[in-house]
Colleague: 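Sharing a structure here in structure tokens format.
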Amino acid sequence: VQLQASGGGLVQPGGSLRLSCATSGRISSITIMGWYRQAPGKQREFLARIFSGGTTNYADSVKGRFVISRDNAKTMVYLQMNSLKPEDTAVYYCNIVTAWRDYWGQGTLVTVSS
């Protein structure tokens with residue numbers, strides 16, 4: 001099973017992007033679906049997650065600007081990013097946690113620049 005993240009690109013400050021993450025196969029016993037990012041020279045940073053019951057958590061840095069969602073079948077997870085800032089520039093990774101292991105996507109680059 002692989003995760004495929006997409007939707008990154010170049011956007012101006014204040015703009016929006018929607019990231020998507022698709023699973024290549026069925027993943028059972030999913031407990032959490034989430035998004036992280038890693039900027040150049042920095043550690044990977046938690047952004048948002050959605051639990052199996054639908055509860056969501058956000059990092060303070062993106063709260064109020066980013067929204068995580070998923071499809072009912074838990075085959076897709078999305079990150080709607082609004083009011084983007086230059087400091088949001090990073091490679092964005094999706095993550096799925098199950099009862100037995102974590103899955104990571106390959107990352108999609110988001111560049112916020114004028």
Side-chain angles (χ1 to χ4, degrees):
V1 175
Q2 293 183 333
L3 305 185
Q4 182 71 39
S6 61
L10 174 64
V11 62
Q12 292 188 342
S16 298
L17 280 177
R18 188 189 193 214
L19 304 184
S20 300
C21 179
T23 63
S24 65
R26 184 176 180 275
I27 300 177
S28 60
S29 302
I30 293 175
T31 57
I32 305 170
M33 304 176 82
W35 288 93
Y36 291 71
R37 69 185 178 192
Q38 188 166 17
K42 295 188 177 182
Q43 292 189 336
R44 191 169 295 190
E45 171 192 17
F46 162 75
L47 297 176
R49 61 187 165 211
I50 182 166
F51 292 86
S52 57
T55 302
T56 57
N57 289 151
Y58 295 91
D60 288 343
S61 58
V62 305
K63 197 174 296 182
R65 299 190 298 125
F66 291 10
V67 179
I68 189 170
S69 62
R70 63 161 190 241
D71 67 332
N72 289 335
K74 297 180 185 176
T75 62
M76 298 287 297
V77 58
Y78 306 97
L79 187 68
Q80 177 65 43
M81 306 187 295
N82 302 318
S83 302
L84 284 163
K85 307 174 182 179
E87 52 264 42
D88 293 318
T89 295
V91 177
Y92 284 68
Y93 298 91
C94 53
N95 168 252
I96 291 179
V97 179
T98 74
W100 300 281
R101 58 165 291 182
D102 281 23
Y103 295 85
W104 288 93
Q106 86 291 356
T108 184
L109 176 63
V110 172
T111 303
V112 185
S113 175
S114 55

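Because the structure is a prediction, the values reported are computed rather than measured.
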Colleague: Just how far is it from atom CZ of Arg37 to atom OG1 of Thr108, taken to the nearest 0.5 Å?
Modeller: 14.0 Å
Colleague: Work out which heavy atom in Arg70 is nearest to a heavy atom in Gly53; give both atom names and the distance.
Modeller: NH2-C, 4.4 Å
Colleague: Using the salt bridge (Lys or Arg N to Asp or Glu O under 4.0 Å) rule, collect all pairs that involve residues 101-114, keeping only residues at least two apart or in two chains.
Modeller: none
Colleague: Going by side chain to side chain donor-acceptor pair (under 3.5 Å), name the pairs with one or both residues in residues 49-65, residues two or more places apart or in two chains.
Modeller: Glu45-Ser61, Arg49-Asn57, Asp60-Lys63, Arg65-Asp88
Colleague: Please, which pairs that meet disulfide bond (SG atoms under 2.5 Å apart) have at least one residue in residues 36-88, sequence neighbours excluded?
Modeller: none
Colleague: Do you know the tightest heavy-atom contact between Leu79 and Ala48?
Modeller: CD1-CB, 4.2 Å
Colleague: Run through the side-chain heavy atoms of Ile, Leu, Val, Met, Phe, Trp and Tyr, join any pair under 4.5 Å, and report what else lands in Ile32's cluster.
Modeller: Phe51, Val97
Colleague: Give, for atom CE of Met33 and atom CG of Leu3, the distance between the pair rounded to the nearest 0.5 Å.
Modeller: 8.0 Å
Colleague: Any side chain to side chain donor-acceptor pair (under 3.5 Å) involving residues 11-32? Give me the pairs, sequence neighbours left out, ordered by first then second residue.
Modeller: Ser16-Asn82
Colleague: Identify, with sequence neighbours excluded, every residue that meets side-chain hydrogen bond (donor to acceptor under 3.5 Å, both in side chains) alongside Asp71.
Modeller: Thr75
Colleague: Excluding sequence neighbours, so at least two apart, what forms side chain to side chain contact (heavy atoms under 4.5 Å, CB included) with Val110?
Modeller: Leu17, Leu19, Met81, Tyr92, Val112
Colleague: Mind checking side chain to side chain contact (heavy atoms under 4.5 Å, CB included) for Gln4 and listing every partner two or more places apart, or none if nothing turns up?
Modeller: Gln106
Colleague: Is there a chain of hydrophobic side chains (I, L, V, M, F, W, Y, each step under 4.5 Å between heavy atoms) that links Met76 to Ile68?
Modeller: no
Colleague: Any disulfide bond (SG atoms under 2.5 Å apart) involving residues 34-82? Give me the pairs, sequence neighbours left out, ordered by first then second residue.
Modeller: none
Colleague: Applying ring-ring contact (aromatic ring centres under 6.0 Å, His included) as the test, list every pair that has at least one member in residues 59-81; sequence neighbours left out.
Modeller: none
Colleague: Who clusters with Tyr93? Use side-chain heavy atoms, under 4.5 angstrom, across I, L, V, M, F, W and Y, and order the result by chain and number.
Modeller: Tyr36, Phe46, Val91, Trp104, Leu109
Colleague: Tell me if the CD atom of Glu87 is crowded by more than 12 foreign heavy atoms within 6.0 Å.
Modeller: yes
Colleague: Sequence neighbours left out, what pairs pass disulfide bond (SG atoms under 2.5 Å apart) with at least one residue falling in residues 62-114?
Modeller: Cys21-Cys94
